[in-house]
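For reference, the structure is listed below as structure tokens.
Protein chains get the first letters and strands the later ones, always in sequence-line order, with residue 1 at the start of each.
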Protein chains: 2
Amino acid sequence: MTNGEKRFQEKINAIQDTMFVIGGKWKIPIILSIYSGNKRFNDISKAIPKITNRVLSKELKHLEENLLIKRTVVDTYPVRIEYALTDYGLGLEEIAKPLENWGRKHKKKISGK
Amino acid sequence: MTNGEKRFQEKINAIQDTMFVIGGKWKIPIILSIYSGNKRFNDISKAIPKITNRVLSKELKHLEENLLIKRTVVDTYPVRIEYALTDYGLGLEEIAKPLENWGRKHKKKISGK
DNA sequence: CGGTATCCTTGACGATACTG
DNA sequence: CAGTATCGTCAAGGATACCG
């Protein structure tokens, strides 16, 4: 494998790693929902049209495992569960912004303007 | 729907549009492969470990429909087919870079360094 | 060389019901 | 309130063979 090919493979791997973490239909919406102030399971759920409990639950776990969000049990009675972005999770802004900008541009382009 | 909610939905839509175009397992590798100099079907194929003809064929069509690449029939004998990024496709750099950078950071983070 | 055709597997996602 | 459990669907992707 040449040097160029090696750098090429590393690029691909890095991007596919990112895709694994934030890819799929729901991860970014969930992150944005929490980012915009929703803390509790049902609040996040309501903010995202059409997501089901089952899927939300799984995605939250995935995001927690990847250190992007933190789940906290607030010790009131009855207990509340709160989700929050970690500092690390806030770093996603760095990629969310470009993705959003590109999407807006693309829509115009494809719709023929 | 409040104003904040509306902006939130627009953000999500823009990002999901982007994901639709470049999401999935192979689109970015294919784009990078062409970007790095591969023009012909079998060259692109060889540069990307494990991709099958069927999948590559479908993805190339998808990318062409979204105006990111251009397919040209070169009139030699026998004819050659050449793929190239469009100017518009080159604009993907704007999102590929952040995705790559974030992926590298994330790998370190998760592997515990 | 540049693909199609067929068939198959898997995993993401959905619907609905239920629970501590 | 914050999820699980169960069952079902569907599309992305894979394996292999073949074609003009």
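Neither B:V74 nor B:L60 shares a network with the other; the hydrophobic side chains, linked directly or stepwise wherever heavy atoms of I, L, V, M, F, W or Y lie under 4.5 Å apart, form separate groups for each.
For D:dG3, the OP1/OP2 oxygens have no side-chain nitrogen or oxygen of A:R80 closer than 4.0 Å. Contact between the side-chain N/O atoms of A:R40 and the OP1/OP2 oxygens of D:dA2 is found at a separation under 4.0 Å. Distances shown here put a side-chain N or O of B:K25 below 4.0 Å from the OP1 or OP2 atom of D:dG14. OP1 or OP2 of D:dT4 has at least one side-chain nitrogen or oxygen of A:S57 nearer than 4.0 Å. Contact annotation: A:N53 does not reach the phosphate of D:dG3 (side-chain N/O to OP1 or OP2, under 4.0 Å). Put simply, A:Y83 has a side-chain N or O that comes within less than 4.0 Å of OP1 or OP2 on D:dG3.
The distance from atom CG of B:N38 to atom P of C:dG2 is 12 Å, rounded to the nearest whole Å. When the P atom of C:dC13 is taken as reference, atom CD of B:Q16 falls 10 Å away, rounded to whole Å. Atom CG in B:N42 sits roughly 13 Å away from atom P in C:dT4 (whole-Å rounding). Whole-Å rounding puts the B:E64 CD to C:dG3 P distance at 10 Å. Between the C1' atom of D:dA2 and the CD1 atom of A:I51 lies a distance of 14 Å, rounded to the nearest Å. With rounding to whole Å, A:L60 atom CG is found 10 Å from D:dG3 atom C1'. Atom CH2 in B:W26 sits about 9 Å away from atom C1' in D:dG13, given to the nearest Å. To the nearest angstrom, P of C:dC1 lies 14 Å from CD1 of B:I44.
Contact annotation for A:K50: no contact, since no heavy-atom pair falls under 4.0 Å across all strands. Residue B:E82 is classed as having no contact, given no heavy-atom separation below 4.0 Å to the nucleic acid. Nucleic acid contact for B:K61: sugar-phosphate only, since backbone atoms but no base atoms lie under 4.0 Å from a heavy atom of the residue.
Positionally, the nearest nucleotide of DNA chain C for B:R71 lies more toward the 5' end than for the other of B:R71 and A:V55.
Aromatic ring centres of A:H62 and A:F20: separated by under 6.0 Å.
B:K61 and B:E64 are not joined by a salt bridge, as no carboxylate oxygen comes within less than 4.0 angstrom of a charged side-chain nitrogen. Between A:K105 and B:E94 there is a salt bridge, with a side-chain nitrogen of the basic residue lying less than 4.0 Å from a carboxylate oxygen of the acidic one.
For the pair A:K109 and B:Y88, the cation sits on the ring face: its NZ or CZ lies under 6.0 Å from the ring centre, inside 45° of the axis.
One donor-acceptor pair, N or O on each side, does fall under 3.5 Å between the base of C:dT6 and the side chain of B:R54.
When distances run from any side-chain atom of B:K58 to the nucleotides C:dA15, D:dG13, C:dG2, the shortest one goes to D:dG13.
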